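Here's the structure, in C-alpha cells; my notes come after.
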Amino acid sequence: MTSAAGPPSRSRRPAWAGRNYSLLTAAAFVTNLGSHGALIAAAFAVLEAGGDGGDVGLVAASRTLPLVLFLLIGGAVADRLPRHRVMVAANALNCVSQAAFAVLVLTGEARLWQMMLLTALGGAGQAFFSPAAEGMLLSSVQGEQVSRAFAVFRMAMQGAAVGGAALGGAMVAAIGPGWVLAADAAAFAVAGAMRALLDVRHIPRRPPGGGMLSDLRDGWREFAGRPWLWAVVVQFSVANAVVGAADAVYGPLVARDHLGGAGPWGLALGFFGAGTVAGALLMTRWKPRRLLLAGTVCVFPLALPSAALAVPVPVAVLCAVMFLTGVTLEVFGVSWMTALHQEIPEDKLSRVSAYDWFGSVALVPLAAALAGPAESAFGRTSALWGCAALVVVMTAAALCVPDVRNLRRRTKQVAMTSQAGSADAERPVGGLG
C-alpha cells in the first residue's frame, strides 16, 4: 500500500497509516487535549463570574442545542464540499469563539449571555466538523488493517481526553480558566493548520447534487435502508441519554452523599478513561468476525455504572466497574467504525455519520432535564436502576435485529479494494451490504 506523500520506503509509518490518516490522528489528539481541559475551564469561568450550578448547565446546554440543530445540515455540507475545507472552517470558528471566551474571562468582563453565545458558536462548529471528520477518517484507510487503524485513532483520542482533563484541571487551579480557554483556542489553530495539509489530490470531483433537501433525503434513505444501522443508532440514542444523565446528574450526588465527594468521583471517571485506552489497545489485536454482534454484546456493561451508583458500591469497586465499562465500550466503538467503513459508500459517509451523531446526542439534553424530576418522583436509587434497565433492554432489542447479529467482517473484499489506490484517496469503501 502506498501513500500520497511518497513511497513506503521513505516513511517510518506502518503501511496502514497513510499521510492523511497520520495528520487526522495527530490533529484529533491536539484538539481533544485542549477541548477536555476547556470543558473544566468553562465551568469554573462561569462560577468565577458569579454564576451558580444552573448557569453552568445553561452554558453546557448552549453548546448542545446548536449541535443537535445543525448536525444533519453539517453532514450534507460535508458530502457536498471538500471535507477537509469544512473541517478547517469549523476549526477556525472554534478557535475564534474560544479565543473571545478567553479574552472575556481574562479581562473579567464575561457575562452569562456572552459565554452562552460563544459556547453556542462552538457547538455549531462541532455540528459541521464531526460528520466531515468522520467521513474523512473512514475514507483515509484501506486494507486488512482498518480495524487496527481505527483502534489506534481512538486510543489517541481517549488518551488525549484523559490527559486533557487532568492537565486542564491542574491548569485551572494554577493559572485560572482564562488561560486554559486560550490554550484550547491555540489547539484549534494548530489542528486546523494540520488539517489544511491533508492531501486531496486523489479525491474525485463529486457530481453536483439536487440541493440540500435532496442530499438529506439521500442520506436518510441510506440510513433507514440498513436495519443494522438504524437499530444501533436507536439503541444508543436511549443509552447515551440515560448514561449521560446518570454521569452528569446522579453521579456527583451519589459521590457527595456516599463516596466522599468530588475526588472519588473524579477518580472513577479517570478509571473509565483508562479503560477506553485499554479497550482501544485490545482492538489493535482482536478482529471479531461478527463485528456488530461482538460490539453490541459489549454494550451490556454500560449498565453497570448506573447499577453501581444505585447500590452504592465502595469507591474501589466503582473504579473497577468504570474501567471495565471503558474497555468494552471501545470494543463497540472500533467495531462500529469498521462496519461503517465497510458498508457505507464513500460519497454518503458524512451524511450517514450525521444521522448517527444526531441519534446519539438528540435525547441527551432531554434526559438531563428530566433527571431531576425523575429523582423527585421515583427516588434516586430507582432512577439509577431505571437507567441501567434501559441500557439492557435497548441493547437486547438491538440484538434481536438479524443484521446486527450477522454482519460479518469482509476482509478479503476490503483487501482487494486497497490494492487499487492510495490509502489516502477518498474513494468508495466497502459495498452496499
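Bear in mind the structure is a predicted one, so any value in this text is a computation, not a measurement. Positions are given from 1, in the same order as the sequence printed here.
Atom CD of Q126 is separated from atom CG of L121 by 13.5 Å, given to the nearest 0.5 angstrom. Once rounded to the nearest 0.5 Å, the distance linking CG of L340 with CG of L291 reads 10.0 Å. Remark: L216 CG to Y355 OH distance equals 5.0 Å, nearest 0.5 Å. The structure places CH2 of W230 at 14.5 Å from CG of D356, a figure rounded to the nearest 0.5 Å. Rounded to the nearest 0.5 Å, atoms CZ (R409) and CG (L292) are 10.5 Å apart. Going from atom CZ of R80 over to atom OG of S350 covers 13.0 Å, rounded to the nearest 0.5 Å.
Side-chain N or O atoms of T284 include one that pairs as donor or acceptor with a backbone N or O of L281 at under 3.5 Å. Using a distance-only test at 3.5 Å, with no hydrogens or angles considered, no donor-acceptor pair links the side chain of H258 to the main chain of V254. Using a distance-only test at 3.5 Å, with no hydrogens or angles considered, a donor-acceptor pair links the side chain of Y21 to the main chain of A149. In terms of modelled atom types and a separation under 3.5 Å, the side chain of T31 and the main chain of A28 share a donor-acceptor contact. Under a 3.5 Å cut-off, the side chain of T25 and the backbone N or O of S22 do not form any donor-acceptor pair. Remark: side-chain polar atoms of R83 are not paired, donor with acceptor, to backbone N or O of A133 under 3.5 angstrom. Between the D184 side chain and the A38 main chain, no donor and acceptor come within less than 3.5 Å of each other. Side-chain N or O atoms of R226 include none that pairs as donor or acceptor with a backbone N or O of D403 at under 3.5 Å. No donor-acceptor pair closer than 3.5 Å links the side chain of N20 to the backbone N or O of L198. Panel note: side chain T107, backbone L104; a donor-acceptor pair is recorded below 3.5 Å.
Under the 4.0 Å criterion applied to side-chain N and carboxylate O atoms, E222 and R351 are not assigned as salt-bridge partners.
Between L23 and R195, the closest side-chain pair of non-hydrogen atoms is not below 4.5 Å.
Summarising the local packing, CZ of F44 is surrounded by 12 or fewer heavy atoms from other residues, nucleotides or ligands at distances under 6.0 Å.
Under the 30°/60° scheme for interplanar angles, the aromatic rings of W220 and F223 are found to be tilted.
Side-chain rings of F332 and F236 approach one another, their centers coming within less than 6.0 Å.
Under the rule for a side chain to side chain donor-acceptor pair (under 3.5 Å), the partners of W357 that lie at least two apart in sequence or sit in another chain are E134. Applying the salt bridge (charged side-chain N to carboxylate O under 4.0 Å, His left out) criterion to R380, with sequence neighbours excluded, gives D257, E375.
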